[in-house]
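For reference, the structure is listed below as structure tokens.
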Amino acid sequence: DTGVSQDPRHKITKRGQNVTFRCDPISEHNRLYWYRQTLGQGPEFLTYFQNEAQLEKSRLLSDRFSAERPKGSFSTLEIQRTEQGDSAMYLCASSLGSLDTQYFGPGTRLTVL
Amino acid sequence: AQSVTQPDIHITVSEGASLELRCNYSYGATPYLFWYVQSPGQGLQLLLKYFSGDTLVQGIKGFEAEFKRSQSSFNLRKPSVHWSDAAEYFCAVGEGSGTYKYIFGTGTRLKVLA
């Protein structure tokens, strides 16, 4: 069990650029969640997958955001036309099933200049 | 709507002193409750969780928490704080219908004085 991994750990980009983050969940975990954490706040839910199906998206997830989990394993989160307000820590978590504990990765810190 | 309140933004304690971090939740059904710890630049590490049963739950690193339904609280305690406990602590409630997403409080930052 190597834990949840995320790549990159840090990303600095200019406003208007596109960025993509990757999350590798714990092996055999069916559920994968994305959260966003801004300075001084707790994480906020963005979206989640049950295997490869994206089952819920938060209203925080504007149409500039898209997430995929094509084979039910790793997931990507893409932000198009980044804005300064997108600067945050993006956290990924996985769980074995619906009621099981979510295990979090180290996060990707995005800074939009 | 479900919510979690952590009334204390910052807490400072001396090393060796006892600690209690407060957490109040608003949730209609039986809550699934969690405490996570986050060190600077790091992800969230689970300290303990409550799903059902004994209302006093033990966690890692000597932490415990008590679920009090009548007070809608799930306070985190530790009898003797170590300098390495300095971090940010988050209480969360698991939404128990379908998504099972977590709703987090705003966190309490703990400072430990030597």
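Residue numbering restarts at 1 for every chain, and letters A, B, ... go by the order of the sequence lines.
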### Message
Do A/Pro43 and B/Tyr36 make a side-chain contact, defined as non-hydrogen atoms from C-beta onward lying under 4.5 Å apart?
### Response
no
### Task
May I ask you to decide if A/Gln102's main-chain N or O and B/Tyr102's side chain share a donor-acceptor pair within less than 3.5 Å?
yes
### More than 12 heavy atoms from other groups under 6.0 Å of CG on A/Leu55
yes
### Task
Search all heavy atoms of A/Leu91 against all heavy atoms of B/Gly43 and return the closest pair with its distance.
CD2-CA, 4.4 Å
## Note on the structure
Bottom line for B/Gln6: the part with an atom under 4.5 Å from chain A's heavy atoms is neither
### Message
For B/Tyr100 and A/Tyr48: C-alpha separation, side-chain torsions, deciding distance, then whether side-chain contact (heavy atoms from CB on, under 4.5 Å) applies.
### Response
CA-CA 10 Å; B/Tyr100 300 102; A/Tyr48 90 103; over 6 Å; no
### Query
Would you say A/Ile12 has more than 12 foreign heavy atoms packed within less than 6.0 Å of its CD1?
no
### Query
Under a single-linkage definition using a 4.5 Å side-chain heavy-atom cutoff for Ile, Leu, Val, Met, Phe, Trp and Tyr, are B/Phe67 and B/Val57 assigned to the same hydrophobic cluster?
yes
### Task
Nearest 0.5 Å please: distance from the OH atom of B/Tyr32 over to the OG1 atom of A/Thr101.
12.0 Å
### Query
Do other residues, nucleotides or ligands put more than 12 heavy atoms under 6.0 Å from A/Leu39 CG?
no
### Proximal component of B/Leu46, with respect to chain A [non-hydrogen, under 4.5 Å]
side chain
### Message
Side-chain heavy atoms nearer than 4.5 Å, only ILVMFWY residues, links allowed to pass through others: does that put B/Leu44 and A/Phe45 together?
### Response
yes
### Query
How many angstroms lie between CG in A/Leu46 and NZ in B/Lys101, if you round to the nearest 0.5 Å?
10.5 Å
### Query
Between B/Leu48 and B/Ile103, is there a shared hydrophobic cluster once you connect ILVMFWY residues whose side-chain heavy atoms come closer than 4.5 Å?
yes
### Query
Under a 4.5 Å heavy-atom cutoff, which of A/Gln37, A/Arg9, A/Met89 has the most pairs with chain B?
A/Gln37
### Task
Check whether more than 12 heavy atoms from other residues, nucleotides or ligands sit under 6.0 Å from atom CD of A/Glu68, and answer yes or no.
no
